[in-house]
Protein chains: 2
Amino acid sequence: MRRDIQKDAVPVLCASCEGRNKGICSTLDCEQFVELARTSRKSAAASGAALLGEAERIDRYATILSGVVKLTKTLSDGRQQIVGLQFAPDFLGRPYRSESTLNAEAATEVVLCSFPKDAVERMMQESPELERQLYRQALDELDEAREWMVMLGRKTASEKIASLLVMFARHAASSDTTGRNSARFDLPLSRADIADFLGLTIETVSRQLTRLRNDKIICIENNRLIIVPDLRRLNARAGN
Amino acid sequence: MRRDIQKDAVPVLCASCEGRNKGICSTLDCEQFVELARTSRKSAAASGAALLGEAERIDRYATILSGVVKLTKTLSDGRQQIVGLQFAPDFLGRPYRSESTLNAEAATEVVLCSFPKDAVERMMQESPELERQLYRQALDELDEAREWMVMLGRKTASEKIASLLVMFARHAASSDTTGRNSARFDLPLSRADIADFLGLTIETVSRQLTRLRNDKIICIENNRLIIVPDLRRLNARAGN
DNA sequence: CGGCTGGTTGACGAGCGTCAACGAGCGTGG
DNA sequence: CCACGCTCGTTGACGCTCGTCAACCAGCCG
C-alpha cells in the first residue's frame, strides 16, 4: 500500500500537463523548469492509498494534479485527527525536515507529480520566487489550520458540519459559476473522514447530516452528492 | 488600549539588545542590520494589552524580546479560541496580507522590537536568508498548530490539561538544566486563557488542575507556580 | 447466498458545559 | 483601620450534548 506514489510512473510530458501553469511549476523559469521536469514522475493513487507515513523518511516532494489528499495524525491508542486537506495544485511535503510528522493519504483518486527532495531543495536555494511561493502556501495553510482550531475548540457538532459543507461548497464554487447562492458538489470524504476532520464520531456526523436534510437545508443523493439550495441558510448554521 | 505596541518607544541600542543574535536579526548581514535598526522601535506592553486587532491594518512587524503573546480568534457570539502562543524570539506578523485575521494580545508583560512593514518586506526581497528564516518559523508554527488540532479534536479534558503543562514544562526546561525529570515554572496564562487555549471552560480547567493536584502529579503555589515532581507521570496523562 | 463495507438510527450514559454560590487577594475610599 | 467592590479561582448541583454500544439496512463482490 505504501509507496503508491512511485508506481504507475510514466514520463511526464509537461507541455500538456494541466499543472504547468499552476503550483510550483508556474514560478520556475524555462531553464529550471526543464531541469525539474527531467526528474519528475507522474503517478496515480487510489482512494485510501497511503502516500506518506508518520516518522517515515521523506525523499520526494510532489504537487497535486487532481484529487484530494488528507493529512492525519494519530494518537497511540488509535484516535485519529485530520489536520489538513490539500487540493490541486498544492505542494505536498515538509521542507527542512527529514522525517514526516504526519500521514498523508489519498482521500479520493489522486494524481501527483513528484520530484526528488534534493532537486527541489537545490532549486529553492537558487530561486527566491520558488521559496516565496512555498512560503505563501505555508502561510495559507497556517491560516486555515487556525480557522480549524476555532472550529475544533469552540463550535458545536452541527456548526462543525455546516462549516465543513460551506468549505466544500466554496471549493466547488471557485471552479464553477461564481456568486451563486446555491451549490452542488460531491463530498470528497467518507463519514469516517468527516468525523476525523471535525473531531466527532461517525454517528454524530450522520445524525447532524440527517438533521440538516430534515430541515431542508441540504439534499443528499447517493450518500455523496450534496445539494445546497440556499447557501445563506447553511451559512447561518455555521457559527462564525 | 490598542496601539500599546507604539508607546514607550525608545531608540534601540541594538548592540546591547538581547535579541541581536536571535530571531530575524541573526540572519541579517551588517549592512542590512544597520538599516533595519534605524527604523526599529523597542516597546513594552502590559499583560492583557492588545497588540493587534482582527481585521486591523498591519503596518508594523515585530520580534518578541521577552514575554508571551497569545493569538486569538473570536466567533460573532463571543466564543474565543487561542490559536497560537508565541515566545521570544519569535517574529510577530503575517507577511503578504494587509489585514490581520486574528487578535494578538500580551499574555504576560511583553517587550517587543518593531519595524515598519515595508522595511521588512523590502529586506525580504533582498535577503533570501531572511525569507528562509521566516519560512522556517511558519513551518514550525504549522507543525504546532497541527499538534494542537489533534489535542482540540481528540483529547479529553484531563489529557488537554496535562499536554499543556508538558508544553510549558518543556519551554521552561529548554532555558534551564536539560534532561531533568522534574520541572518548575510559572504559568504564563490565566485560567481563562488556558480554557480558551484548550477549548474548555474555566470551571473544567480548574477541576482538572485540582484533580492533578489531588493525584500528587503537580503542586500549585499561588495559583500560578507549578511544580512537577515527575514529568513521566505527567506525560502519561497527556495521551499522545 | 453470505460476508463485508459504509451509513443510519435508537437507547443509554458519561463528560463537560451551565449556573450559582463562595473564598482569597487586592486596591480604593471612607 | 475596616468596609467595599472587583477580579480570579474553586467547588457543587444539574442537565445537555455528544460518545458508546448495538441493531439494522443498502450496496457490492465473491
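Here the structure is a predicted model, which means the values were calculated and not measured. All chains are named by letter (A, B, ...) in the order of the sequence lines, taking the proteins before the strands, and each is independently numbered beginning at 1. These values consider heavy atoms only, across backbone and side chains, with no hydrogens, waters or symmetry-generated copies.
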Measure from [atom1] on [X] to [atom2] on [N] and round the result to the nearest Å.
X	N	atom1	atom2	result
A:R224	D:dC28	CZ	P	13 Å
A:R211	C:dT8	CZ	P	15 Å
A:R191	D:dC25	CZ	P	19 Å
B:N222	C:dC26	CG	P	9 Å
B:I220	D:dT10	CD1	C1'	11 Å
A:E221	C:dG7	CD	P	16 Å
A:L225	C:dG7	CG	P	15 Å

| Which residue, B:G199 or A:N223, contacts DNA chain C at a nucleotide closer to its 5' end, judged by nearest heavy atom? |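 First, find each residue's nearest nucleotide; the 5'-ward one identifies A:N223.
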| Hey, does the side chain of A:E144 reach the backbone of A:E141 with a donor-acceptor pair shorter than 3.5 angstrom? |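 Pair absent, no side-chain N/O of A:E144 close to backbone of A:E141.
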| task | Check whether any side-chain N or O of B:R154 sits under 3.5 Å from a backbone N or O of A:L200 as a donor-acceptor pair, and report yes or no. | result |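 Side chain of B:R154 to backbone of A:L200, a donor-acceptor pair under 3.5 Å: yes, one is there.
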| said: Can you give me the closest heavy-atom contact between A:K155 and A:A238, atom names plus distance? | reply: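 Reported closest heavy-atom pair: NZ-O, 2.8 Å.
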| message | If the condition is salt bridge (Lys or Arg N to Asp or Glu O under 4.0 Å), which residues does A:K70 pass it with, not counting sequence neighbours? | response |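 A:K70 satisfies salt bridge (Lys or Arg N to Asp or Glu O under 4.0 Å) with A:E105, A:D193 once adjacent residues are dropped.
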| query | Among residues 200-208 of chain A, which contact DNA chain D at a heavy-atom distance under 4.0 Å? | reply |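 Nucleic-acid contacts, sorted: A:L200, A:T201, A:E203, A:T204, A:R207.
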| query | Does CZ in A:R211 sit with more than 12 non-hydrogen atoms of other residues, nucleotides or ligands closer than 6.0 Å? | reply |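 No, CZ of A:R211 has 12 or fewer neighbouring heavy atoms, counting only those of other groups under 6.0 Å.
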| said: Using OP1 and OP2 only, check whether a side-chain N or O of A:T156 sits under 4.0 Å from D:dT17. | reply: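 For D:dT17, neither OP1 nor OP2 has a side-chain N or O of A:T156 closer than 4.0 Å.
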| query | Sequence neighbours excluded, which residues qualify as side-chain hydrogen bond (donor to acceptor under 3.5 Å, both in side chains) partners of A:R97? | reply |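 Testing A:R97 for side-chain hydrogen bond (donor to acceptor under 3.5 Å, both in side chains), a comparison that skips the adjacent residues, returns B:D143.
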